[in-house]
Amino acid sequence: VWVPTPQVLVDKMLDMAKVTPNDYVIDLGSGDGRTVMTAVRRGARALGIEYNPDMVALAQRNAARDGLTGRAEFMKADLFQADLSRATVITMFLLPDINVRLRPTLLKLKPGTRIVSNTFTMGDWTPDETATLDAAAGCSSSWCTALLWIVPAKVDGTWQVGSQALRLTQQYQQVSGTLGDTPITGGKLNGDQISFTAGGKTYSGRVNGDR
């Protein structure tokens with residue numbers, strides 16, 4: 001069943017993801033194409049993936065009506081089999097069980113990839129940001145909450161910081177562990193950026209593969 005995302009929430013989702021002309025946006029379950037077309041109007045490249053061929057045809061007609069043919073792309077595909085690797089931003093309005101099934105694929109995307117969902121969560125992966133619009137903001141439906149996740153780098157394991165071993169345990173973007181014998185607190189990943197406190201000192205750095 002297709003339920004459209006209110007346009008004001010589409011705008012909010014793309015705002016939260018900080019979409020720019022440098023981005024490649026993939027909308028999962030793209031429906032009538034409004035999210036893809038809005039991203040294209042912001043200068044981004046955008047692709048809608050939709051399983052229902054009638055909705056793909058509708059989105060293509062809408063894009064043609066607005067003069068966006070060739071810029072707003074749509075394809076009929078199974079979102080569990082589609083290649084998402086080019087995306088810098090993923091948008092979606094899917095049921096929670098589908099989000100959870102997609103989660104392993106999303107977590108393999110490049111660190112820093114932004115994922116925005118209308119209303120529905122990603123299981124125990126806590127969003128980095130949540131925003132709810134009200135009627136005063138122009139959103140009066142049941143679907144007025146945007147949730148943002150930023151794909152974290154993989155840091156679980158042992159690293160070397162100076163002469164000390166940094167042992168990290170990762171739960172999505174949250175990080176715990178020890179620096180030498182000192183427990184770390186406030187461990188957090190923002191894409192490939194890591195920060196934590198240990199022994200009264202704050203550390204920050206960038207994760208680049210195994211470095």
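Since the model is a prediction, treat every value here as computed from it, not as a measurement.
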If you draw the axis of the six-membered ring of Tyr51, does the NZ or CZ of Lys76 fall within 45° of it and under 6.0 Å from the ring centre?
-> yes

Taking the inter-plane angle between the rings of Tyr172 and Trp125 on a 0 to 90° scale, is it parallel (under 30°), tilted (30 to 60°) or perpendicular (over 60°)?
-> parallel

Met92 reachable from Val89 in the ILVMFWY side-chain graph, under 4.5 Å edges | no

Considering non-hydrogen atoms only, spot the tightest contact between Ser141 and Cys144 and give its length.
-> O-SG, 3.4 Å

Apply the test side-chain hydrogen bond (donor to acceptor under 3.5 Å, both in side chains) to residues Thr38 and Gln7: give CA-CA distance (whole Å), side-chain angles for both, the deciding distance (0.1 Å), then the verdict.
-> CA-CA 9 Å; Thr38 304; Gln7 182 61 46; 3.1 Å; yes

In short, Gly209 meets Trp159 closest at the heavy-atom pair O-CH2, 3.7 Å

Run the salt-bridge test on Asp124 and Arg103 with the 4.0 Å N-O cut-off and return the result as yes or no.
-> yes

Is there a chain of hydrophobic side chains (I, L, V, M, F, W, Y, each step under 4.5 Å between heavy atoms) that links Val8 to Met13?
-> yes

Interatomic distance, CG@Leu102 vs CG@Leu84, rounded to 0.5 Å, equals 7.5 Å

Close side-chain approach of Val175 and Ile184, heavy atoms under 4.5 Å = yes

Would you check if the side chain of Asn190 reaches a backbone N or O of Gln193 as a donor-acceptor pair within less than 3.5 Å?
-> no

Please determine which of Leu106, Leu107, Leu147 meets the side chain to side chain contact (heavy atoms under 4.5 Å, CB included) test together with Met122.
-> Leu106

Going from OG on Ser204 to NZ on Lys188, what distance comes out if it is rounded to the nearest 0.5 angstrom?
-> 14.0 Å

Evaluate the side-chain proximity of Asn208 to Arg211: yes if any heavy-atom separation is below 4.5 Å, no if none is.
-> yes

Applying the 4.5 Å side-chain criterion to the ILVMFWY set and letting contacts propagate, would Leu47 and Val56 be lumped into a single cluster?
-> no

Evaluate side chain to side chain contact (heavy atoms under 4.5 Å, CB included) for Thr119 paired with Thr5, printing each intermediate quantity in order.
-> CA-CA 10 Å; Thr119 301; Thr5 296; over 6 Å; no

CH2 of Trp143 to OG1 of Thr132: how many Å apart, nearest 0.5 Å?
-> 13.0 Å

Inter-residue atom distance Asn99.CG - Arg101.CZ, 0.5 Å rounding | 11.0 Å

Ile150 to Gly112 - nearest heavy-atom pair and separation | CG2-CA, 3.8 Å

With a 4.5 Å heavy-atom cut-off, do Leu148 and Ile115 have their side chains touching?
-> no

Donor + acceptor pair across side chains of Gln173, Asp128 (<3.5 Å) | yes

Rounded to the nearest 0.5 Å, what's the gap from OG1 on Thr88 to NZ on Lys18? Could you check?
-> 13.5 Å

Between Thr130 and Thr145, does a side chain to side chain contact (heavy atoms under 4.5 Å, CB included) hold up when you go through it step by step?
-> CA-CA 7 Å; Thr130 302; Thr145 296; 3.7 Å; yes

Can you name the nearest heavy-atom pair linking Val25 to Ala39, along with the distance?
-> CG2-CB, 4.1 Å

Would you mind reporting whether Leu179 and Lys201 have side-chain heavy atoms less than 4.5 Å apart?
-> no

For residues Leu79 and Leu94, determine if any side-chain heavy atom of one lies less than 4.5 Å from a side-chain heavy atom of the other.
-> yes

Under the side chain to side chain contact (heavy atoms under 4.5 Å, CB included) criterion, do Thr182 and Thr178 qualify, and how do the steps go?
-> CA-CA 5 Å; Thr182 305; Thr178 57; over 6 Å; no

Knowing that exactly one of Asp27, Val116, Thr35 qualifies, which makes a side chain to side chain contact (heavy atoms under 4.5 Å, CB included) with Val10?
-> Thr35

Do the charged groups of Arg114 and Asp23 touch, with an N to O distance under 4.0 Å?
-> yes

Is it true that Tyr203 and Val207 fall in one hydrophobic cluster, defined by side-chain heavy atoms closer than 4.5 Å?
-> yes

From CZ (Arg41) to CG (Leu68), nearest 0.5 Å | 5.5 Å

Mind checking whether Met75 and Val40 sit in one hydrophobic cluster, side chains of I, L, V, M, F, W, Y counted as touching below 4.5 Å?
-> no

With a 3.5 Å cut-off and no angle check, do the side chains of Arg45 and Tyr24 form a donor-acceptor pair?
-> no

Under a 4.0 Å N-O cut-off, is there an ion pair linking Asp15 with Arg42?
-> yes

Where Ser30 and Val36 come nearest, the two heavy atoms and their spacing = CB-CG2, 4.5 Å

Side-chain donor-acceptor contact under 3.5 Å, Ser176 with Thr169 | no

With Val151, the side chain to side chain contact (heavy atoms under 4.5 Å, CB included) member among Thr113, Leu189, Asp192 = Thr113

Trace of the side chain to side chain contact (heavy atoms under 4.5 Å, CB included) decision for Leu9 with Asn118 = CA-CA 8 Å; Leu9 192 68; Asn118 177 351; 3.3 Å; yes

Is any side-chain heavy atom of Leu28 less than 4.5 Å from a side-chain heavy atom of Phe93?
-> no

Within the side chain of Ser117, is there an N or O that forms a donor-acceptor pair under 3.5 Å with the backbone of Phe120?
-> yes

Please report the closest heavy-atom contact between Ile98 and Phe80, naming both atoms and the distance.
-> CG2-CZ, 3.7 Å

Gln174 side chain reached by Gln170 side chain, heavy atoms, under 4.5 Å | no

With a 4.5 Å limit on heavy-atom distance, are the side chains of Phe196 and Leu166 in contact?
-> yes

